[in-house]
There are 2 protein chains.
Amino acid sequence: MDERVPRDFETLRTTILERRHSLPKRIAQIAAYALDNPDDIAFGTAASIAASAGVQPSTLIRFAQQFGFDGFTSLQQVFRERLRERNSSYDERLAALRAKAEEGAGHRAIFDGFVAAASTSLSDISRALNDTHFEEAIALLAKAETIYVLAKRRSYPVASYIAYALGKLKIRNQLVESAAGLNAEMIAFATPRDAVIAISFSPYAPATIDETRLIAEQGVPIVAITDSSFSPLAQFAKVWFEVAEADFGGFRSLSATMALAMALTVAVGEKRRDAGRKRKA
Amino acid sequence: MDERVPRDFETLRTTILERRHSLPKRIAQIAAYALDNPDDIAFGTAASIAASAGVQPSTLIRFAQQFGFDGFTSLQQVFRERLRERNSSYDERLAALRAKAEEGAGHRAIFDGFVAAASTSLSDISRALNDTHFEEAIALLAKAETIYVLAKRRSYPVASYIAYALGKLKIRNQLVESAAGLNAEMIAFATPRDAVIAISFSPYAPATIDETRLIAEQGVPIVAITDSSFSPLAQFAKVWFEVAEADFGGFRSLSATMALAMALTVAVGEKRRDAGRKRKA
DNA sequence: GTCAATATGAAATAATAATTCCAATCTATA
DNA sequence: TATAGATTGGAATTATTATTTCATATTGAC
C-alpha cells in the first residue's frame, strides 16, 4: 500500500476518489460522508461522526488507517487545517501566494503567481468600476443594431469571448478579425446606429488604434476598455473604462477585463429583453 | 451580572471588548488571546490554548464562566460555529448575488456576480491543482517540437491567449482554428514528438473531441483541461486537469482556466530556457 | 500593616473520547 | 458448499482532556 500520508485536504480528496471503488462497503460509506460533510469531520468526535455516517467508531478509525493515517485524530487534523486555511482572509491568502511566488519555489510558484495576479486585478476593478459609466455603456450598446468587437493580440481572447457570448444571447455582432486583411471594408459598413466595443492595452496594437479612429470618424459610438486615461482609445470613446491588470512573469492577467466584458455583455442582453417586453406591453 | 450567554461570535466579541477593562489580569490575557487567535480556540485543547496564552487551564475555564458559559467546551462551540459559517460565506455570497441579479437588482449586481464567480473559481483551482500533474504536463510540453492548441467556442479565448503567449516566448505552436476547414490536414502534420493542449468543457464541442481523438491516435501526447473525469477528453490525455469554473448568468467564468493556461505556458518557457542553458554548459 | 475578598497556580479527579480487541458476519474462491 | 480471508459490530481498554479542588498569592479597604 502507498504509505504516503495525504497531508492536505485536496490530496486526500483526490486519493479517496481514486480508490473509491476498491474500498470496502462501510469504509466507502464513510468516504462519501467525509467528502460531503467535511465540516462535521473537522468538529465532531469519532463517536458522533460514526453515528451520523451510520457506522461504528472503529470503522472510522479503519478508514483513517486505510489512507495512511495512524488514527482518527491525525485524519481530523487535515479537515481542520482545511477550515483554518479557508477561513484565513482573502487578502492574507493572496499575500501568502504572492510571497511564495516571489521567492521562486519552482513551477507551483508560477501558478500561484498567476492566481494572485488574477485575484488582485479582480478586487481592484471591483473597487474602481464607475457605476455611471457602466450604465452609460450598457445603454449605448443595448440600442445598437450591430455591436462591433475590436481587439488584437493580448486583448483578442476577451474580444472572442464577447463575440461568443453575444452570439449566445442572439445579439447581432461582428468580431473584427484580421484574417484576410478585410478589416477596413468590414468597418466601412458600420453606421452611427451601431456601436463598438474596443479593447486595447499598452503597448497599444497599432491596428486597433487605426481601426478605432476610422470607425469613430464614421460617427459610430465607442465603448473602450483600456488601461489609462492616456490611452489613445480614450479620446475616441463615448465611454471608457480603466482596467488595471496585475501582471506576473511578463504576462498580464485578463480576469478583470473578462469579468467586465462578461458583465457588459450580459447586462446588454438583459436591457434588450426588458426593452422588448416593454414595447410589446 | 448579565446572565445571557453570548451565542454567536460577534456578540461575544462585543461583550469581551466592553468588559475588557474590568477583567482580572489573567482573564484579560486570555480575552486578548482569544480575539487575536480565534482559530486556536476553535481547534485547540484547553491545555494547549492555556499554554499558548501563558495561563493555566483552570483560568481558561474561569474565563469561560466569567462570560456565562458553563465551561470551556461551550465557549469553544461559539468559536467553532464561527468557522463553519465563515467557511460557507463565499458560496452563499455568490448565491445571494445570483438571486439579486435575477430579481433585477440593477446591472451592478451582474458585474459583482461575475467578479464573485471569477474569485470563487480562482480559489477553487488554487486549492485543487495537483502539483504532480502540473509538473508532468510541463515536462511533456517542454520537450515538444510544436505545441498544438485545440479549443472551440467557449474555450477558444483561452486557446488564443495560449497561442499568443507561446508566440511571445518563441515557442513553436499551432492554434487549430476552423476558419477554412483545414483542421484535419493541419493535425495530420503532428507527430509523437509534438504535443497538444486541448481544452473543452461540457457540453463538449464535438469538433474538439473528434480532433483530439484523431491526434491522439497519431501518438501525439495530450494535455487536457476539462471539467470532470467523465469528460471525453480525459481518456485521450496523458495528463488532464479538472477545472471547476463557477458560473453566473449562464456564462461560466474563465479565470481559473486562464490562470492555469498561463502558468503552464510560462512554466514551459522557463523549463525550456533551463534545458537550453544546461545543454550549452 | 492587617484582614477579607479576590485571583491564580498546580495537581487531583472526573468525564469524555479514541483506540484496541475479539467474536461474528460476510465474500470470494476452489 | 466448505473454507480462508477480509470486513464489521460492539464492548473493553486506554488515552486524552475538561473540570474541580485546594493551597497560595495578590489586591484593595480600613
Side-chain angles (χ1 to χ4, degrees), chain A residues 1-3 5-6 12 15-16 19-34 37-81 83, chain B residues 1-3 5-6 12 15-16 19-34 37-81 83:
Chain A
M1 190 195 287
D2 188 353
E3 279 306 330
V5 183
L12 176 58
T15 314
I16 291 176
R19 299 209 205 149
R20 186 168 34 172
H21 299 294
S22 61
L23 292 173
K25 195 171 67 166
R26 291 275 116 113
I27 307 276
Q29 195 171 324
I30 296 175
Y33 182 86
N37 309 70
D39 289 11
D40 288 355
I41 308 278
F43 291 123
T45 67
S48 72
I49 296 164
S52 304
V55 301
Q56 291 291 326
S58 46
T59 310
L60 190 53
I61 286 157
R62 289 182 195 118
F63 166 75
Q65 287 166 344
Q66 187 90 216
F67 286 92
F69 299 95
D70 53 48
F72 167 71
T73 309
S74 41
L75 168 81
Q76 194 176 40
Q77 290 313 317
V78 172
F79 284 78
R80 293 189 164 182
E81 205 43 53
L83 276 187
Chain B
M1 192 191 287
D2 188 352
E3 280 307 326
V5 183
L12 176 58
T15 315
I16 289 176
R19 299 206 205 153
R20 182 167 37 169
H21 298 295
S22 61
L23 292 172
K25 195 171 67 165
R26 291 274 117 111
I27 307 275
Q29 195 172 324
I30 296 175
Y33 183 85
N37 309 71
D39 288 11
D40 289 353
I41 307 279
F43 291 126
T45 67
S48 71
I49 296 164
S52 304
V55 300
Q56 291 291 323
S58 46
T59 310
L60 190 51
I61 286 156
R62 289 181 194 119
F63 166 76
Q65 288 166 344
Q66 187 89 216
F67 286 93
F69 299 96
D70 53 48
F72 166 71
T73 309
S74 41
L75 168 81
Q76 195 177 40
Q77 291 313 316
V78 173
F79 285 78
R80 293 189 164 183
E81 205 44 53
L83 275 189

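Every chain is numbered from 1, with letters handed out A, B, ... down the list of sequences.
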Worksheet item: Within this structure, what is the CZ-to-C1' distance between Phe72(A) and dT14(D), rounded to whole angstrom?
Response: 17 Å
Practice prompt. Compare side-chain N and O positions of Arg62(B) against OP1 and OP2 of dA7(C) and report whether any pair is under 4.0 Å apart.
Written response: no
Worksheet entry | Given dA18(C), dT19(D), dG10(D), the nucleotide with the shortest approach to the side chain of Ile61(B) | dT19(D)
Discussion item. Using 0.5 Å steps for rounding, measure from the CD atom of Gln66(A) to the CD1 atom of Ile30(A).
Written reply: 10.0 Å
Worksheet entry | Whole-Å distance separating the CD atom of Gln76(B) from the P atom of dT16(D) | 18 Å
Worksheet item: When the distance from CD1 of Ile41(A) to P of dA18(C) is rounded to whole Å, what number comes out?
Response: 12 Å
Worksheet item: In whole angstrom, what separates Ile27(B)'s CD1 from dT27(D)'s C1'?
Response: 15 Å
Worksheet item: Which nucleotide in the set dT19(C), dT7(D), dT20(C) lies at the smallest distance from any side-chain heavy atom of Gln65(A)?
Response: dT20(C)
Fill in: No-H, no-angle donor-acceptor pair, Ser58(B) side chain to dA10(C) base, under 3.5 Å
yes
Worksheet item: Which of the following nucleotides, dT17(D), dT19(C), dG10(D), is nearest to the side chain of Pro57(A)?
Response: dT19(C)
Fill in: Integer-rounded Å distance: dT8(D) C1' and Gln29(A) CD
11 Å
Worksheet item: Between atom CD1 of Ile41(B) and atom CG of Leu60(B), what is the distance when rounded to the nearest 0.5 Å?
Response: 6.5 Å
Worksheet item: Does Gln56(A) place a side-chain N or O at less than 4.0 Å from the phosphate oxygens OP1/OP2 of dT8(D)?
Response: no
Item to complete: Quickly work out the Ile49(B) CD1 to dA18(D) C1' distance and round it to whole Å.
Response: 11 Å
Worksheet item: Say you draw a straight line from CZ of Arg62(A) to CZ of Arg26(A); how long is it, rounded to the nearest 0.5 Å?
Response: 11.5 Å
Fill in: Euclidean distance, atom NZ of residue Lys25(B) to atom P of dT8(C) [Å, nearest integer]
8 Å
Discussion item. By the 4.0 Å heavy-atom rule, please label Leu60(A) as base, sugar-phosphate, or nothing.
Written reply: nothing
Practice prompt. Just compare dT8(D), dA18(C), dG9(C) and give me whichever is closest to any side-chain atom of Arg26(B).
Written response: dG9(C)
Worksheet entry | Approximate separation, where rounding is to 0.5 Å, of Arg80(B) CZ and Asp39(B) CG | 12.0 Å
Discussion item. Can you see if the side chain of Thr73(B) gets near the phosphate of dT19(D) - specifically, an N or O under 4.0 Å from OP1 or OP2?
Written reply: yes
Practice prompt. Supply the atom-to-atom distance Phe63(B) CZ to Ile27(B) CD1, rounded to the nearest 0.5 angstrom.
Written response: 8.0 Å
Item to complete: Give the rounded distance in Å between these two atoms: CG of Leu23(B) and P of dT27(D).
Response: 16 Å
